[in-house]
Engineer: 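First, the structure itself, so that you have it in front of you.
Naming convention: chains lettered A, B, ... in sequence-line order (proteins, then strands); numbering from 1 in each chain. Because the structure is a prediction, the values reported are computed rather than measured.
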Amino acid sequence: MKFQKPKGTKDILPPEIHKWHFVEKVIRDTMDLYNFSEIRTPMFENTTLFKRGVGTETDIVGKEMYTFEDKSGNSITLKPEMTAPVARAFVEHNLASQAPIHKFFYITSMFRYEKPQEGRYREHTQFGAEVLGTNDVYSDIEIISLVKHIYNQVGVHNFKVKINSLGMPDDRRKYIELLINYLNNHQEHLSNDSKRRLVINPLRILDSKDPNDIEITEHAPKILEHLDIASIVRFEKVINGLTIAGIDYEVDFRLVRGFDYYTDTTFEFISEDLGSQNAIGGGGRYDKLVETIGGKPIPGIGFGSGIERMIMVADRNNFIFPSGKSVDVYFITLNEEAKLVAFKEILNLRKSGIKCEYDSLGRSFKAQMREANKMNSRFVYIIGDEEITKQKGLLKKMSDGSQTEISFNNIIENIK
RNA sequence: GUGGGCAUAGCUCAGUUUGGUUAGAGCAUCAGAUUGUGGCUCUGAGGGUCGUGGGUUCGAGUCCCAUUGCCCACCCCA
């Protein structure tokens, strides 16, 4: 019997890892530039956090959570999203009393029990940010600019920003009633899925892909026309800010996201390079979440973005990810004594930060040359019988093939 | 969770229609092409229980069933 990775998971092997290192570095550097600090929370939480925070009617909580009982009978869930854990840590450590505003970022695995397909895993990696403590419109704009800023550095240019406002809960509730009334009159023409959603989560009918549903919802009441004046003003300010920031956006009344905690601003980044799972990232404002999970009424906004999907888009746009430093010196050794000399020299060179490699299979000269060439070594240092006698090795520059005799302890001066 | 397709060497795939001797190619790997010199070229070698388990048959990579995995769409999302 052969072992294989669990369904919906992946291994990242050496030829791919430089992409991840690069993306992670860009994220950390850019987050620092925007003055966000990293937060790490456990891989799992008590299940009730997500039920309370995210909402039991959402698909993520309702059917996609990795939930299990631990040995003492507590219900544990591998985190399917990061906003609720961050809010929990924020409340648990009473951070609100230490400073009025907190800006967090994270890079972490997420777990959702779904049917895997391209760009969709059961364990995937997201980076994201959360701003807690202000509902300033500029924090909305800053978050969206930040995402774009990071995308552009990692080769993700081909994407659209969709934006909408879901208003505050009271307005949304009233709007949903209007929507239900409207849809009830067209019920017989709705898809089966949407008939079901009419009872469970009517907003979701707005983003149905069924042509009939789209036709019907085209003339449905629009949420943006039924919001409180404060929400409308704020939405306009956000949009204005995006224009000033030079970010192209598309107002999309069909954009309703899969978490119950959103209020006012919601947004999504989509790319046509992803196929059917076309969202690279998304987020929104959640001004009621902190109090929902037992904190003070503190507003927040955040986003999450899938790193697998970002790399996928970058690859499909032929983005070249910078790779690490290549080998500086490959030691070619032709006998046992030479190996000992090489071993001593390598110890020294590595202390000075020179990247070295050597043959550990006792292979032929030619094979060692090929190996050095394959790993793109800048230099080769050859030690054979003659060189041992002279106490000088042959330093060969691979780019032009030139080679000179260099004493054993003189290598470092000659490879600049 | 629902529907459709695919599974042959490390990778990309022929071979399946019309079951029939030791299952092939390219790339990759390794080794050679006169003494101790890489990239290009040439030659050769290793590597597969044909996803797994049953069944039909004198005989199965090829037909049938089941199972697992992957892909596509729906659902949903990153």
Engineer: Between A/D273 and A/R316, is there a salt bridge with N-O shorter than 4.0 Å?
Structural biologist: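 Judged by the 4.0 Å cut-off on N to carboxylate O distance, A/R316 and A/D273 do not form a salt bridge.
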Engineer: Just to be sure I understand the rule, does A/F259 reach a base, reach only the sugar-phosphate, or reach nothing, if contact means heavy atoms closer than 4.0 Å?
Structural biologist: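 The answer is sugar-phosphate, as A/F259 gets under 4.0 Å only of primed atoms, P, OP1 or OP2.
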Engineer: Does the pair A/R254/A/E218 count as a salt bridge with the N-to-O cut at 4.0 Å?
Structural biologist: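 The answer is yes: the pair qualifies as a salt bridge.
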Engineer: What nucleic acid atoms does A/E118 come within less than 4.0 Å of, heavy atoms only: base, sugar-phosphate, or nothing?
Structural biologist: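 Sugar-phosphate contact only.
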Engineer: Have a look at A/N278 and say if it touches a base, only the backbone sugar-phosphate, or nothing, with a 4.0 Å heavy-atom cut-off.
Structural biologist: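 Answer is base: heavy atoms of A/N278 come under 4.0 Å of a base.
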Engineer: Given side-chain hydrogen bond (donor to acceptor under 3.5 Å, both in side chains), test A/E357 with A/S377 step by step and report yes or no.
Structural biologist: CA-CA 9 Å; A/E357 189 52 279; A/S377 189; over 6 Å; no
Engineer: Would you mind classifying the nucleic acid contact of A/R363 as base, sugar-phosphate or nothing, using non-hydrogen atoms under 4.0 angstrom?
Structural biologist: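 Since only primed, P, OP1 and OP2 atoms lie under 4.0 Å of A/R363, the category is sugar-phosphate.
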Engineer: Name the first nucleotide and the last nucleotide along RNA chain B (5' to 3') that come under 4.0 Å of a heavy atom in chain A.
Structural biologist: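 Listing 5' to 3', RNA chain B meets chain A from B/rG1 to B/rA78.
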Engineer: Tell me whether the centres of the aromatic rings in A/Y249 and A/F269 are closer together than 6.0 Å.
Structural biologist: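 Between A/Y249 and A/F269, the centre distance exceeds or equals 6.0 Å.
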Engineer: Using atom P of each nucleotide, how far apart are B/rC30 and B/rC72 to the nearest Å?
Structural biologist: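 About 33 Å, rounded to a whole number of Å.
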Engineer: Which is true for A/Q403 with a 4.0 Å heavy-atom rule: it touches a base, it touches only sugar-phosphate, or it touches nothing?
Structural biologist: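 Base contact.
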Engineer: Between residues 32-66 of chain A and RNA chain B, which residues have a heavy-atom gap below 4.0 Å?
Structural biologist: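 Listed by number, they are A/D59, A/K63, A/E64.
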Engineer: Would you classify A/K209 as touching base, sugar-phosphate or nothing, given that sugar-phosphate means primed atoms plus P, OP1 and OP2, and contacts are heavy atoms under 4.0 Å?
Structural biologist: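 Answer is base: heavy atoms of A/K209 come under 4.0 Å of a base.
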Engineer: Report the residues that fulfil ring-ring contact (aromatic ring centres under 6.0 Å, His included) with A/Y330, sequence neighbours left out, ordered by chain and then residue number.
Structural biologist: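 Per chain and number, A/Y330 pairs via ring-ring contact (aromatic ring centres under 6.0 Å, His included) with no residue.
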Engineer: May I ask you to establish whether A/R40 and A/Y106 are in a cation-pi arrangement, using a distance under 6.0 Å from NZ or CZ to the six-membered ring centre and at most 45° from the ring axis?
Structural biologist: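 Ring-cation test returns no.
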Engineer: Contact class for A/L394 vs. all strands (heavy atom < 4.0 Å): base, sugar-phosphate, or nothing?
Structural biologist: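 Counting heavy atoms under 4.0 Å across all strands, the contact made by A/L394 includes a base.
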Engineer: Describe the nucleic acid contact of A/G8 in one word from base, sugar-phosphate, nothing, applying a heavy-atom distance below 4.0 Å.
Structural biologist: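 Contact class for A/G8: sugar-phosphate only.
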Engineer: Return the set of residues passing ring-ring contact (aromatic ring centres under 6.0 Å, His included) with A/H186 (not counting sequence neighbours), or none when no residue passes.
Structural biologist: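 Partners of A/H186 under the ring-ring contact (aromatic ring centres under 6.0 Å, His included) test: A/Y182.
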Engineer: CD of A/E81 to CZ of A/R112: how many Å apart, nearest 0.5 Å?
Structural biologist: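 A/E81 CD to A/R112 CZ: 7.5 Å, rounded to 0.5 Å.
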Engineer: How would you label the contact of A/R257 with the nucleic acid (heavy atoms, under 4.0 Å): base, sugar-phosphate, or nothing?
Structural biologist: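 Sugar-phosphate only.
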Engineer: Please confirm whether A/Y261 and A/Y286 have ring centers closer than 6.0 angstrom.
Structural biologist: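 Judged by ring-centre distance (under 6.0 Å), A/Y261 and A/Y286 do meet the cut-off.
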Engineer: Would you classify A/Y121 as touching base, sugar-phosphate or nothing, given that sugar-phosphate means primed atoms plus P, OP1 and OP2, and contacts are heavy atoms under 4.0 Å?
Structural biologist: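 Counting heavy atoms under 4.0 Å across all strands, the contact made by A/Y121 includes a base.
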Engineer: Counting any heavy atom closer than 4.0 Å, what does A/G128 reach on the DNA or RNA strands: base, sugar-phosphate only, or nothing?
Structural biologist: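 Contact class for A/G128: none.
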Engineer: Using a cut-off of 4.0 Å on non-hydrogen atoms, how would the nucleic acid contact of A/I382 be classed: base, sugar-phosphate, or nothing?
Structural biologist: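 Base: the residue A/I382, judged by heavy atoms under 4.0 Å, touches a nucleobase.
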Engineer: Scan A/R197 against the nucleic acid and name what it touches under 4.0 Å (heavy atoms): base, sugar-phosphate only, or nothing.
Structural biologist: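 A/R197: backbone/sugar contact only, no base atoms under 4.0 Å.
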Engineer: Within a strict 4.5 Å, meaning less than it, do heavy atoms of the A/K148 and A/F159 side chains meet?
Structural biologist: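 They are in contact (side-chain heavy atoms under 4.5 Å apart), so the answer is yes.
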Engineer: We want to know whether A/T58 and A/D260 form a side-chain donor-acceptor pair, criterion being a heavy-atom distance below 3.5 angstrom.
Structural biologist: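 Side chains of A/T58 and A/D260: no pair found under 3.5 Å.
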Engineer: In whole Å, what separates the C1' atom of B/rA7 from that of B/rU67?
Structural biologist: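 My reading of the C1' atoms in B/rA7 and B/rU67 gives 13 Å.
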Engineer: Under the rule for ring-ring contact (aromatic ring centres under 6.0 Å, His included), what residues qualify as partners of A/H149, not counting sequence neighbours?
Structural biologist: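 Checked A/H149 against ring-ring contact (aromatic ring centres under 6.0 Å, His included); matches are A/Y34.
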Engineer: With sugar-phosphate meaning primed atoms plus P, OP1 and OP2, does A/E123 contact a base, only sugar-phosphate, or nothing at under 4.0 Å between heavy atoms?
Structural biologist: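 No contact.
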Engineer: Identify all stems in which RNA chain B takes part, counting only runs of at least 3 consecutive pairs (Watson-Crick or G-U wobble, each distance under 3.5 Å), and give each as one range with another, ordered by first number.
Structural biologist: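 Result, WC/G-U stems under 3.5 Å: B:1-7 with B:68-74, B:10-13 with B:24-27, B:29-33 with B:41-45, B:51-55 with B:63-67.
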